[in-house]
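These notes concern the structure reproduced below.
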Amino acid sequence: MSVFLYNTMSRSVEPFKPISDEHVTMYCCGPTVYNYAHIGNLRTYIFEDVLKRTLLHAGYKVKHVMNITDVGHLTGDGDDGEDKMEKSARESGKSVWDIACFYTEAFFKDFDALHNIRPDIICKATDHISDMIALIKRLEVGGHTYIAGGNVYFSIDTFPDYGKLARLDLNELRSGARIDVDDNKRNPKDFVLWFTNSKFGEQAMMWDSPWGRGYPGWHVECSAMSMKYLGEHFDIHCGGIDAIPVHHTNEIAQSEAATGHTWVNYWLHGEFLLNDTGKMSKSSGEFLTLPVIIGKGYEPVDYRYFILGGHYRSQLRFSWQALDTARTSRKNLFDRIASLKAETAPASELGAVASKWAALFDEHLFNDLNAPRGLADLWGVLKDDAVPAAEKLAAAYGMDAVLGFGLETVRARKQEDELVDDPQALALVEQRAVAKKARDFKLADEIRAKLDTLGYIVKDTPTGTTLVKKM
RNA sequence: GGUGCCGUACCCAAGCGGUAAGGGACAGGUCUGCAAAACCUCUAUGCAUCGGUUCGAUUCCGAUCGGCACCUCCA
């Protein structure tokens, strides 16, 4: 069965066909490590992870590359913005290198906690300056650059297809009111490839180059690194939807101007996570990070479940109520898995009915990553009486390879009880059993209340009383 | 000014031409001294409004109303 993906370039769902039979080549824009990632940023990485897992599930080998932007990402367009890394360093009194290191570590802590599979190659911009310089030289030889005010610019007028991804109408843009006027630029949409001077003074990060000592522009890093690791023509490039009009548009211009041919076949973009006021950002509203959510008693997978409940190409509005719902659902899901595990081992093969569910799941995920449908299929097989327990478990594990909840690591239910080894609590359970037998329900209820304050929930089942630790 | 998206039950959210997935919540049931837990069952003749196309529209087209994002650093 083939995989279908929505390609931003064509604005339509297309059958996915990789360039090489060997493996799928995929590049994802990574974080700029000047601050913590908020949960909206994290949504995009979950989407990319589901994409990667779906391709793996479909039988492809995937070569996944992600960058770490630790230099060159400005706070503003043109050559008048301050470097985000430098700004953060100045404000915190640390070195830019320390800042990058600290936030990179924090980023991957979140990344891993959400069960995202790590990219095969993680590349830092500062380790690839020579590759960027080589690319800029190539553009220079091709006549796509000019120097003004000490900086090297890319001239978009030398690239006729400029703006094709975003379907920009350059005439409209030129007359628009929101374009900064920059006297150095021949065209307002031209952008810097290499900076040698900044009005914010000396940068800590500077390298020698044919154009003088300086540092690279933001867009050039992704072009240089992706081509280094994936070749000059690769399959998939993803990122957030906001990257379409500027970052990815400029990447395409540089890359295709340099090579003279198509650079990427499929462009996939994740939609935004919104909050009450609109777009989630670092400057407005509560700055929500994964640690904040964990601090309020949620598991990282609760957030993953919440995200998978919506389609990656739809805006999703975050609310605590929605996260509560996701957490309850996820707990219920894990409870079912725990019960099944206590009962049986996963089947080695699926019967006809379970196979039908598995096929349905594949069909939905292979159709532009319909994770909400996939989730419904997971519930479907778990609730289908026609499917034996062992097959339910096996089918659930199969689907989880894509959904990534980590169902195989869920503890079997019976082991829950064994966790309680508090002698005081166990003694109280004994006392309550005696009281119940004597029909002294008042005492029994008092003991139950006491256990509650100790942090245990009493469950009376047909086979006896058990204790469960409160979550 | 330009570009794109969305309005589906109490909430979240799929479906996008053939008669409404799933989850949560609520309610009922089994069990139980009661409760919790668990399990089962149930919840939209209707998908913002009004027109149009069609044998047939939530799905296509047009208009209207109401949200949102992007064109500026942003995932």
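Throughout, a chain's letter reflects where its sequence line sits, starting with A, and its residues are numbered from 1.
For the side chain to side chain contact (heavy atoms under 4.5 Å, CB included) criterion with A:H248, the lone passing option out of A:M9, A:H269, A:H219 is A:H269.
In this structure, the side chain of A:K189 does not engage the main chain of A:N250 through any donor-acceptor pair within 3.5 Å.
For the C1' atom pair drawn from B:rG66 and B:rA21, the interatomic distance equals 27 Å after rounding to whole Å. Here the separation of B:rG24 from B:rC42, taken at their P atoms, is 14 Å to the nearest Å.
Using a 4.0 Å heavy-atom criterion, one finds that A:L42 contacts no nucleic acid atom at all. When heavy atoms are screened at a 4.0 angstrom cut-off, A:H311 is found touching the sugar-phosphate backbone but no base atom. A:L316 comes within 4.0 angstrom of sugar-phosphate atoms only, judged by non-hydrogen atoms across all strands, and of no base.
Of all nucleotides present, none satisfies the Watson-Crick or G-U wobble test against B:rU58 with each distance under 3.5 Å. In a base pair of the Watson-Crick type (N1 to N3 plus N6-O4 or O6-N4) or a G-U wobble (N1-O2 and O6-N3), with each distance short of 3.5 Å, B:rA69 is matched with B:rU3.
One finds a side-chain N or O of A:N370 lying less than 4.0 angstrom from the OP1 or OP2 phosphate oxygen of B:rG15.
RNA chain B lies under 4.0 Å from at least one heavy atom of each of the following residues of residues 440-449 of chain A: A:F441, A:D445, A:R448.
Each of B:rC68, B:rC40, B:rA38 was ranked by its minimum atom distance to the side chain of A:R336; first place goes to B:rC40.
For the pair A:R330 and A:F334, the cation sits on the ring face: its NZ or CZ lies under 6.0 Å from the ring centre, inside 45° of the axis.
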Between the protein and nucleotides 22-25 of chain B, which nitrogen or oxygen pairs are less than 3.5 angstrom apart?
| unit_1 | atom_1 | unit_2 | atom_2 | d |
| --- | --- | --- | --- | --- |
| B:rG23 | OP1 | A:K383 | NZ | 2.7 |
| B:rG23 | O2' | A:S329 | OG | 2.1 |
| B:rG24 | OP1 | A:N332 | OD1 | 2.7 |

